[in-house]
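Working notes, structure below.
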Amino acid sequence: MSKTFLLAFGILLTILSSVTGLVLIPNWQFQSLKPVVKADGRRYPEAYFGDQDKGRGVYIAQGCIYCHTQQVRMKGYGADIRRGWGTRRSVPRDYLEDRPHQLGTMRTGPDLASIGARQPSESWHALHLYNPQLTSPGSVMPRYNYFFDEVKRGQMPPAEAIRLPGNGHGDVTHILPNERGRQLIAYLKRLNQSFPLPEANQ
Amino acid sequence: MVTESSSAAAASLGALSTPEIEARVQVDRSSKQVIVLYWGAALFWLTFASIAGIITSIKLHNPGFLGGIEWLTFGRMRAVHWDTAIYGFGGVAASGTLLWLQARLCQVRMPYTKLLIAGGLVFNVGILLGVIGIFMGQSTGVETLEFPLWAMPFLVVPYVFIVIANFTMYFQKKTTHTYVSQWYLMAVTVWFPVLVLSAEACTNLGAVDGVAQAIANWWYGHNVVGLFATPTGIAAAYYLIPKVIGKPIHSYHLSLLGFWANAIFYNWAGTHHLTGGPLPAWTITLGVVGSMMMFIPVITIGINHHMTMVGSFHLLKTSPTLRFAVMGSMMYTFASFQGSLESLRSHQEITHFTHYTIGHVHLGMYGFFAPLMFAMIYYAMPRLMNREWSSARLIRIHFWCTLIGTAIYGGAMCYAGIRQGMMMNDPSVPFLNIVQFTVPYLQLRTLGGVILLAGTVAFLINFVRIVTPHKFTWASPTMLDTDRDWKDILKAEKGAEAAQ
Ligand code: HEM
């Protein structure tokens with residue numbers, strides 16, 4: 001009997017020690033991390049709000065994480081920076097507002113940590129999300145056409161509608177992001193780790 | 001050739017004395033309904049997860065396939081695939097194995113069977129609800145813990161029943177010593193609840209913040225495989241290999257060393273999923289050290305399993321259980337070596353974000369864990385049902401599909417992943433060229449998946465036949481080198497009807 005308790009206790013100890021060592025201690029180490037105040041008085045990282053925040057929810061609900069990371073590796077380790085995915089490596093402070101984190105582990109598509117800096121054009125994102133083949137022929141990214149209202153041939157496109165390249169796409173000549181489409185694009189535009197944090201150069 | 005069913009169990013028990021046989025039959029009888037429910041459900045989820053996996057796989061080389069439909073989008077199919085594979089197939093098959101093995105090894109009747117049946121049903125409903133939640137877009141967004149929080153009680157509460165039943169059997173055990181497999185089973189029942197509850201608390205309930213959440217996430221993601229699926233698989237191998245060949249395990253001392261080394265080092269390995277990420281370097285270093293130290297338990301467990309087999313390899317020709325068990329234990333050694341090497345920073349620089357990881361996962365889950373669950377089912381079902389497997393041909397199909405499918409899947413993904421990673425680290429290669437390079441290998445993976453599914457279907461047919469009541473069965477266990485088939489049973493049944 002006492003042997004059994006020893007066994008169970010030993011087993012429990014192995015897991016409690018690893019959760020303490022790997023999760024609780026780093027968490028405690030991060031407690032002192034605070035956002036920095038930039039020259040213009042705004043904080044980095046800023047809290048998500050409004051459309052950006054809702055767009056983050058859309059990103060999660062669509063499972064973009066299974067093809068895209070949001071973490072740039074340091075110079076000399078892989079080619080993340082040379083590919084233009086960021087100007088510096090990512091550090092813990094970049095993620096203070098990310099609940100849950102969307103670091104990701106697969107790069108079926110490019111890293112998106114700084115996609116807002118790399119690709120600021122809303123109409124590019126709209127076309128790409130509507131059908132990735134329009135901007136990136138041969139891509140394996142799914143189409144997210146349900147984030148867009150379509151304007152059919154012969155209909156009068158609203159002023160802010162985005163024209164599809166060439167002769168349109170089947171029946172459709174223009175698209176217009178719907179509410180979730182706008183939110184997702186707002187979120188993508190906000191993803192930007194270019195602010196130089198001192199600890200990223202160490 | 002074909003006999004009426006009552007003698008089958010006795011025939012397969014061989015040289016034991018009558019009271020001993022009677023005691024085992026009692027133990028098996030007490031657990032029959034529970035175990036058939038758990039394993040049947042596990043096979044359902046395996047089929048479901050495989051179909052979801054194939055759809056996911058096709059979407060990666062043909063993004064237009066079922067495209068533009070929100071609930072079937074890649075990101076949701078992929079989450080559904082992983083959650084049904086791990087919790088539906090892995091969790092339910094492992095729980096059945098745990099309960100059956102513990103009852104057998106303790107030589108006690110299974111307690112609380114009604115509770116366990118109710119728990120099994122609730123657990124499966126929980127997975128179904130979780131899947132619906134993901135399809136509806138309610139994933140938590142935490143990889144490996146995607147099920148919406150409201151589905152979690154359905155999964156946690158039944159597990160408490162399993163833990164209680166397991167400890168009850170252990171404390172009532174009629175044997176004087178504890179077999180190696182039982183250490184692993186005890187460990188699983190302690191680890192799994194602690195794992196799930198701490199991981200949910202740290203991620204979805206927000207007990208820790210920022211990148212510490214990412215560590216909690218992968219501490220869990222790694223451990224749910226290493227502290228749940230793996231120990232159950234090892235326990236099954238430790239039980240089945242000596243049992244089928246009729247020799248004791250190679251070395252008791254090695255198994256003790258293997259157990260504790262596994263328990264201590266595996267726990268720390270999870271952060272290798274975050275190599276190069278925005279974390280303090282020491283957390284990753286710990287993960288790499290933990291992964292490298294895993295060579296110790298892997299080698300000791302490997303010696304124990306493989307050395308026990310020495311001199312008995314000819315039995316692989318005939319015994320279905322042994323064939324799957326040996327495939328599983330060999331792939332355990334292989335996938336673990338691969339995993340330890342994979343954790344090195346220089347290796348991760350290339351393969352970390354690529355299909356290589358996916359190749360490794362499936363070599364482990366479909367090469368090691370799944371075959372050991374299959375071996376367990378092949379061994380136990382005839383004893384539970386008092387009936388033999390209806391068709392040797394279907395078992396052979398199942399085996400070869402599992403082996404060939406896993407090899408194609410693992411080979412294609414690991415090779416493509418290395419090339420993909422090397423191209424990604426060369427900024428002069430345009431990204432879309434890399435995407436295009438992987439497409440033929442992704443197609444090959446779909447082929448591998450279809451072969452695996454074909455094997456699963458063969459197994460499912462055999463499983464359905466062994467649980468449906470029929471009058472006739474074989475007088476001896478169904479061996480792989482025979483031509484036994486279902487139609488012989490049907491013929492015998494027809495003959496009997498005609499005679500009446
Ligand atoms: C017919 C069989 C199967 C097929 C076709 C298949 C296919 C896939 C695909 C396409 C992915 C996503 C890869 C990506 O995102 O690039 C995946 C991931 C995964 N599969 Fe499977 N799968 C199969 C069976 C299984 C089984 C039986 C298990 C476990 C018992 C399993 C466990 C996993 C896990 C854990 C992942 C996530 C890996 C990670 O995130 O690192 N799969 N599978």
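- Under the 4.5 Å side-chain criterion, counting only non-hydrogen atoms from C-beta, B:His355 is in contact with A:Met106.
- For chain B, the nearby part of A:Val91 is the backbone; its heavy atoms alone come within less than 4.5 Å.
- Residues A:His68 and A:Tyr59 keep their aromatic ring centres 6.0 Å or farther apart.
- The parts of B:Gln213 that come within reach of chain A are both its backbone and its side chain, each placing non-hydrogen atoms under 4.5 angstrom from that chain.
- Other residues, nucleotides and ligands contribute only 12 or fewer heavy atoms inside 6.0 Å of the CZ atom of A:Arg42.
- If you measure heavy-atom distances from B:Val435 to chain A, the contacts under 4.5 Å come from the side chain alone.
- Proximity to chain B (any heavy atom under 4.5 Å) is restricted, for A:Leu103, to the side chain, taken from C-beta onward.
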**Item:** Audit row: A:Arg182, A:Glu122, salt bridge (charged side-chain N to carboxylate O under 4.0 Å, His left out) steps and yes/no
**Value:** CA-CA 9 Å; A:Arg182 278 197 305 279; A:Glu122 284 183 24; over 6 Å; no
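- The shortest side-chain heavy-atom distance between A:Ile175 and A:Phe147 does not fall under the 4.5 Å cut-off.
- Contact count against chain A (heavy-atom pairs under 4.5 Å) is highest for B:Pro280 among B:Gly421, B:Ser198, B:Pro280, B:Gly287.
- With a 4.5 Å cut-off on non-hydrogen atoms, B:Ala207 touches chain A through its backbone but not through its side chain.
- Counting heavy-atom pairs closer than 4.5 Å to chain B, the top residue among A:Val72, A:Val140, A:Ile15 is A:Ile15.
- Proximity to chain B (any heavy atom under 4.5 Å) is restricted, for A:Thr69, to the side chain, taken from C-beta onward.
- At least one side-chain heavy atom of B:Pro63 sits less than 4.5 Å from a side-chain heavy atom of A:Gln133.
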**Message:** Walk me through whether A:Thr14 and B:Tyr266 qualify under side-chain hydrogen bond (donor to acceptor under 3.5 Å, both in side chains).
**Reply:** CA-CA 9 Å; A:Thr14 57; B:Tyr266 214 124; over 6 Å; no
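- Within the 4.5 angstrom heavy-atom criterion, no atom of A:Glu97 approaches chain B.
- Counting heavy-atom pairs under 4.5 Å between each of A:Gln29, A:Met74, A:Met141, A:Gln31 and chain B puts A:Gln29 at the top.
- Of the atoms belonging to B:Asp426, it is backbone heavy atoms, and not side-chain ones, that fall under 4.5 Å from chain A.
- Among the candidates B:Phe167, B:Phe74, B:Trp282, B:Trp183, the residue making the largest number of heavy-atom pairs closer than 4.5 Å to chain A is B:Trp282.
- Pairing each heavy atom of A:Tyr187 with each of A:Tyr48, the nearest pair is CE1-CE2, 3.7 Å.
- Looking at B:Thr438, neither its backbone nor its side chain comes within 4.5 Å of chain A, counting heavy atoms on both sides.
- The greatest number of non-hydrogen atom pairs below 4.5 Å with chain B, out of A:Ser136, A:Pro142, A:Pro110, is found for A:Pro110.
- Both the backbone and the side chain of B:Leu60 come within less than 4.5 Å of a heavy atom in chain A.
- Ranking B:Val142, B:Val194, B:Asp209, B:Thr283 against chain A, the residue ahead of the rest is B:Asp209, based on heavy-atom pairs under 4.5 Å.
- Contact of B:Met422 with chain A is not made at all, since no heavy-atom distance falls under 4.5 Å.
- Annotation: side chain of A:Val19 is in contact with side chain of B:Trp219 (closest heavy-atom distance under 4.5 Å).
- Per-residue heavy-atom pair counts under 4.5 Å with chain A were compared for B:Gln138, B:Met136, B:Lys59, B:Glu70, and the maximum is reached by B:Glu70.
- A 4.5 Å side-chain heavy-atom check between B:Asn262 and B:Met294 finds at least one atom pair inside the cut-off.
- Of the possible donor and acceptor atoms, one in the side chain of B:Thr56 sits under 3.5 Å from a partner among the backbone N and O of B:Ala52.
- When heavy atoms are compared at a cutoff of 4.5 Å, B:Gln348 approaches chain A by way of both its backbone and its side chain.
- Options A:Thr108, A:Leu96, A:Asp94 differ in how many heavy-atom pairs under 4.5 Å they form with chain B, and the most are formed by A:Thr108.
- With a 4.5 angstrom heavy-atom cutoff, B:Leu442 does not touch chain A via any of its atoms.
- The residue among B:Ala79, B:Ala187, B:Gly68 with the most heavy atom pairs within less than 4.5 Å of chain A is B:Gly68.
- Of all the listed residues (A:Tyr66, A:Tyr95, A:Tyr144, A:Trp28), the one sharing the greatest number of non-hydrogen pairs under 4.5 Å with chain B is A:Tyr66.
- There is no contact between B:Phe65 and chain A, counting heavy-atom distances below 4.5 Å.
- Under the 3.5 Å distance criterion, the side-chain polar atoms of B:Trp191 are matched with a main-chain donor or acceptor of A:Ile11.
- Residue contact with chain A, scored on non-hydrogen atoms closer than 4.5 Å, involves the backbone and the side chain of B:Arg76 alike.
- Of the atoms belonging to A:Gln102, it is side-chain heavy atoms, and not backbone ones, that fall under 4.5 Å from chain B.
- No other option in B:Ala214, B:Ser139, B:Gly210, B:Ala216 has as many heavy-atom pairs under 4.5 Å with chain A as B:Ala214.
- Because its NZ or CZ atom is not both nearer than 6.0 Å to the ring centre of A:Tyr77 and within 45° of the ring axis, B:Arg345 does not count as a cation-pi partner of that residue.
- With a 4.5 Å cut-off on side-chain heavy atoms, B:Trp218 and B:Glu143 count as touching.
- Between the side chain of A:Ser90 and the backbone N or O of A:Gln71 there is no donor-acceptor pair closer than 3.5 Å.
- Inter-residue side-chain proximity for B:Phe147 and B:Ile134 is flagged as met; some heavy-atom pair is nearer than 4.5 Å.
- A:Leu16 touches chain B through its side chain: at least one heavy atom from C-beta onward sits under 4.5 Å away, while N, CA, C and O do not.
- Within the 4.5 angstrom heavy-atom criterion, atoms from both the backbone and the side chain of B:Ile264 approach chain A.
- The part of A:Asp98 that comes within reach of chain B is its backbone (N, CA, C, O), which places non-hydrogen atoms under 4.5 angstrom from that chain.
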**Asked** Under the side-chain contact (heavy atoms from CB on, under 4.5 Å) criterion, do B:His273 and B:Asn217 qualify, and how do the steps go?
**Response** CA-CA 10 Å; B:His273 287 268; B:Asn217 185 179; over 6 Å; no
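- Between chain B and the options A:Leu24, A:Leu22, A:Ile60, heavy-atom pairs under 4.5 Å are most frequent for A:Leu22.
- With a threshold of 4.5 angstrom between heavy atoms, B:Tyr220 does not approach chain A through any atom at all.
- Side-chain atoms of B:Phe437 and B:Val429, non-hydrogen and from C-beta on, never get closer than 4.5 Å to each other.
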